[in-house]
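What follows is a short report on a single structure.
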Amino acid sequence: LVYMAMMKKAQPCATDMNIESIAVLGAGQMGNGITQVAACAGYNVVMIDIKQEYVERGMDSIEKSLAKLVSKERMTQEDANASLARISTAITRQAAADVDLVIEAIPEIPDLKFSTFAELDEICKSSTILASNTSSISIDAIASHTKRPSQVIGMHFMNPVPIMKLVEIINGSSTSEEVNTAVVEASAKMGKTALSCNDSPGFVSNRILCPMLNEAILTLQEGVAEPEAIDGIMKLGMNHPIGPLALCDLIGLDTILHIMNVLYEGLGEEKYAPCDLLKEMVSRGDLGRKSGKGFYTY
């Protein structure tokens, strides 16, 4: 009995493995960026979306991105071709059945995330790690919709994925050390720096960033300065590469509002309450670059 117990203890867990194949759920800006860096790192990747036109658009974005890297002599044409050859596409999630890692990059809608992870839990092999690119939704909440909470983790890539070096790794309360290690190693292979944190509203990146952006909007709301001055002061005085209001336009004001609401509801402190101007602009449809108008006109 002692021998059997020792043997059982010595057995590797389901996730004690090398990640060799990846499925990316979502062919949009984040999904195709993640697919690109994974394929360039040598992984076989299947990019999955709900319509053929979406995956074709995603592949077109990847091809253009790789062509730009080749033109700048940051990659050879041979390497670009090899990367493209490692990418396949699908419009059914069954294509993720046998991969080692799934990275979900679908819209930031809680119920959609929950139902997707419940479906993946049924489709994928028992050893598959399920990762979410969520920027604000609780990893514990996502994991609760699966039967493998120890294998659910956050992989929050920064936009644009091929350029930005950080992947914010979010461990749920049940995420195993083996899963964290495997995902950190996979991120490093993709050329990223993976920094880990624990599940909490906004994680680290957005808990710090979004209140600063909200404060910049409040500064404009109170008439302290015009947008150009607010952005210029932060760029020239604080060495920020982009001003906070321009960054809001880039991210999308609706996304900023969503994250501020997550912080406010999750942490319950007034300092996280979204300011009135932010709420007004979102209700008007002035969302930034995606709508053609935000704090600036595009």
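With Asp49 contributing its side chain and Ala27 its backbone, the two residues share a donor-acceptor pair below 3.5 Å. With hydrogens and angles disregarded, a donor-acceptor distance shorter than 3.5 Å links the side chain of Glu104 to the backbone of Ile106. Counting only distance, with no hydrogens or angles, the side chain of Asn44 and the backbone of Glu20 share no donor-acceptor pair below 3.5 Å. Side-chain N or O atoms of Thr128 include one that pairs as donor or acceptor with a backbone N or O of Val99 at under 3.5 Å. With Ser187 contributing its side chain and Val183 its backbone, the two residues share a donor-acceptor pair below 3.5 Å. Within the 3.5 Å criterion, the main-chain N or O of Leu257 finds a donor-acceptor partner in the side chain of Asn261. For Arg148 (side chain) and Asp121 (main-chain N/O), a donor-acceptor pair under 3.5 Å exists by modelled atom type. Under the 3.5 Å distance criterion, the side-chain polar atoms of Lys192 are matched with a main-chain donor or acceptor of Met164. Listed for the Asp231 side chain is a donor-acceptor partner under 3.5 Å among the backbone atoms of Ala246. No donor-acceptor pair under 3.5 Å is formed between the side chain of Glu269 and the backbone N or O of Leu263.
Other residues, nucleotides and ligands place more than 12 heavy atoms under 6.0 Å from the CD atom of Gln52. Counting heavy-atom neighbours within 6.0 Å of Glu53 CD, excluding the residue itself, gives a total above 12. Heavy-atom neighbours of Gln221 CD from other residues, nucleotides or ligands within 6.0 Å: above the threshold of 12.
Taking 4.0 Å as the cut-off between side-chain N and carboxylate O, Lys189 and Glu185 do not count as a salt-bridged pair. Ionic pairing of Asp254 and Lys290 is present here: one or more N-O contacts between side-chain nitrogen and carboxylate oxygen are shorter than 4.0 angstrom. Salt-bridge annotation for Lys113 and Glu108: present, with a side-chain N of the basic residue lying under 4.0 Å from a carboxylate O of the acidic one. Asp100 has a carboxylate O that lies under 4.0 Å from a charged side-chain N of Lys125, or vice versa, which qualifies the two as a salt bridge. Salt-bridge check for Lys279 with Asp276: passed, with a basic side-chain N closer than 4.0 Å to an acidic carboxylate O.
Under the 4.5 Å side-chain heavy-atom criterion for grouping Ile, Leu, Val, Met, Phe, Trp and Tyr, Tyr272 is connected to Ile256 within one hydrophobic cluster. Under a hydrophobic clustering in which Ile, Leu, Val, Met, Phe, Trp and Tyr are joined whenever their side-chain heavy atoms come within less than 4.5 Å, directly or via other members, Met30 and Val167 fall into the same cluster. Cluster annotation: Leu209 is connected to Tyr264 through the hydrophobic network of ILVMFWY side chains, with a link wherever side-chain heavy atoms come within less than 4.5 Å. At a threshold of 4.5 Å between side-chain heavy atoms, the hydrophobic network of Ile, Leu, Val, Met, Phe, Trp and Tyr places Leu112 and Leu25 in one connected group. Met158 and Met155 sit in two unconnected hydrophobic clusters of ILVMFWY residues. Membership requires side-chain heavy atoms under 4.5 Å apart, directly or through other members.
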Test side-chain contact (heavy atoms from CB on, under 4.5 Å) applied to Val24 and Asn32, step by step: CA-CA 8 Å; Val24 177; Asn32 68 58; over 6 Å; no

Step-by-step side-chain contact (heavy atoms from CB on, under 4.5 Å) determination, Thr181 to Val184: CA-CA 5 Å; Thr181 298; Val184 167; 5.8 Å; no

Criterion side-chain contact (heavy atoms from CB on, under 4.5 Å) on Asp98 and Ser21, from CA distance to verdict: CA-CA 8 Å; Asp98 295 319; Ser21 57; over 6 Å; no

Derivation and outcome, side-chain contact (heavy atoms from CB on, under 4.5 Å), residues Thr134 and His156: CA-CA 6 Å; Thr134 182; His156 181 204; over 6 Å; no

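Side-chain contact check for Ser138 and Asp199: at least one donor-acceptor pair (N or O, by modelled atom type) lies under 3.5 Å.
In this structure, the side chains of Met260 and Leu213 stay at 4.5 Å or more apart for every pair of heavy atoms. Here the side chains of Glu122 and Lys147 are in contact, with some heavy-atom distance below 4.5 Å. Between Val282 and Leu287, some side-chain heavy-atom pair lies under the 4.5 Å cut-off. A 4.5 Å side-chain heavy-atom check between Glu168 and Cys197 finds at least one atom pair inside the cut-off. Side chains of Met59 and Ile87 form a contact here, defined as non-hydrogen atoms less than 4.5 Å apart.
Screening Asp249, Leu250, Leu245 against Leu247 for a side-chain contact (heavy atoms from CB on, under 4.5 Å) leaves a single residue, Leu250. Checked against Lys64 for a side-chain contact (heavy atoms from CB on, under 4.5 Å), the options Asp60, Leu66, Ile62 give a single hit: Asp60.
Between Val45 and Ala39 the shortest heavy-atom distance is CG2-N, 3.7 Å. Ala194 and Ile169 make their closest contact through CB-CG1, 3.8 Å (heavy atoms, listed as atom of the first residue, atom of the second, distance). Residues Val102 and Ala96 share a closest heavy-atom pair of CG2-CB, 4.1 Å.
Rounded to the nearest 0.5 Å, atoms CG (Asn133) and CD1 (Ile103) are 8.0 Å apart. With rounding to the nearest 0.5 angstrom, the OG atom of Ser135 is 14.0 Å from the CZ atom of Phe157. With rounding to the nearest 0.5 angstrom, the CG atom of Asn206 is 4.0 Å from the CD1 atom of Ile259. For the atom pair CD1 (Ile153) and OG (Ser174), the distance works out to 12.0 Å, reported to the nearest 0.5 Å. Here the SG-CG distance, from Cys40 to Leu84, works out to 8.0 Å after rounding to the nearest 0.5 Å. Here the CG-CZ distance, from Leu220 to Phe295, works out to 6.0 Å after rounding to the nearest 0.5 Å.
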